[in-house]
**Q** 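Next up is a structure, given as structure tokens.
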Amino acid sequence: MTFTQIKLAPSILSADFARLGEQVAEATRAGADYIHVDVMDGHFVPEITLGTRIVEAIKRCTQLPLDVHLMIEQPERHIASFLDAGADILTVHAEACTHLHRVIEQIKEHGAKAGVAINPGTSVIAIEGALHWMDLVLVMTVNPGLPAQKYIPGSEKKIARIRHIMDGRGVKAELSVDGGINTSTAPLVARAGAQVVVAGSAVYNHPEGVEVAIRKLRESLALPEG
């Protein structure tokens, strides 16, 4: 696999919200593949972030797919509104879904791609039986809810385990990783089998700006063929 095959999804959680549209446009021009939008409710995770009106506004600033990550309780109550707002991929947490298959089907009925995330302390078993229904699997490598956290060492073993299961079963979903991703950790998760890396601080807090940050992330992902 080469670095050009790994997708980058800048997370706007670390962006400057005073000029959010500009920051989304900067990431788009710099060659990002997705825009990752973290939605937090103050219950499933400690922080409260944004809602559907911000998603609508972001949609007007980019042609890239919006990868909307719902870190909320009872996500099934809000799926239709976020999809109407412009989400192209809607990711829910396995820990927040009593009936995971039903929620995945609800997303797909609206014509969007369905993702499922698992927290660092959640076993792969929680999603193993549902992998073939998903379009995206999101492995959290920090505990969700706050920006600029450090990658949890050893998370690549979990990523590799999921990659092995997906390949063995012919699962076509994308394997995405979110949390503490930078030029040091991105190669670790890519070698473990990640196809999408979500990066917030490494993109939006880089001293040389978004374009340089994304270029350096891509350079760090220059993996050998095979």
**Q** Parallel under 30°, tilted from 30 to 60°, perpendicular over 60°: which one fits the rings of His69 and His93?
**A**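 The arrangement is parallel - the two ring planes meet at less than 30°.
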**Q** Among Val37, Leu13, Asp38, which residue satisfies the side chain to side chain contact (heavy atoms under 4.5 Å, CB included) criterion with Leu50?
**A**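 The passing option is Val37.
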**Q** Measuring from Phe82:CZ to Leu90:CG, what's the distance to the nearest 0.5 Å?
**A**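 So the CZ of Phe82 and the CG of Leu90 are separated by 8.0 Å.
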**Q** Rounded to the nearest 0.5 Å, how far apart are CG of Asp88 and CG of Asp135?
**A**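 That separation rounds to 12.0 Å.
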**Q** Run the salt bridge (charged side-chain N to carboxylate O under 4.0 Å, His left out) test on Arg215 and Glu219 for me, step by step, so that the C-alpha distance in whole Å, both residues' side-chain angles and the decisive distance to 0.1 Å come before the verdict.
**A** CA-CA 6 Å; Arg215 175 171 56 79; Glu219 290 171 353; 3.2 Å; yes
**Q** With a 4.5 Å heavy-atom cut-off, do Ile89 and Tyr34 have their side chains touching?
**A**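 Yes, close enough: below the 4.5 Å cut-off.
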**Q** Quick one, Leu217 and Thr183 - any side-chain contact, counting heavy atoms below 4.5 Å?
**A**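 Of all side-chain heavy-atom pairs linking Thr183 with Leu217, at least one is under 4.5 Å.
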**Q** For His110, does the NE2 atom have more than 12 heavy-atom neighbours from other residues, nucleotides or ligands under 6.0 Å away?
**A**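 Enclosed: over 12 neighbouring heavy atoms sit under 6.0 Å from NE2 of His110.
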**Q** How long is the gap from CD1 on Ile118 to CD1 on Ile127, to the nearest 0.5 Å?
**A**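 Between atom CD1 of Ile118 and atom CD1 of Ile127 there are 4.0 Å.
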**Q** If you round to the nearest 0.5 Å, how far is CD of Glu26 from CG of Asp16?
**A**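 Those atoms lie 9.5 Å apart.
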**Q** If you take all heavy atoms of Leu221 and Ala190, which pair is closest and at what distance?
**A**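 Looks like CD2-CB, 3.6 Å.
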**Q** Treat each ILVMFWY residue as a node, draw an edge where side-chain heavy atoms are under 4.5 Å apart, and state whether Leu66 and Ile12 are in one component.
**A**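 Both belong to a single hydrophobic cluster.
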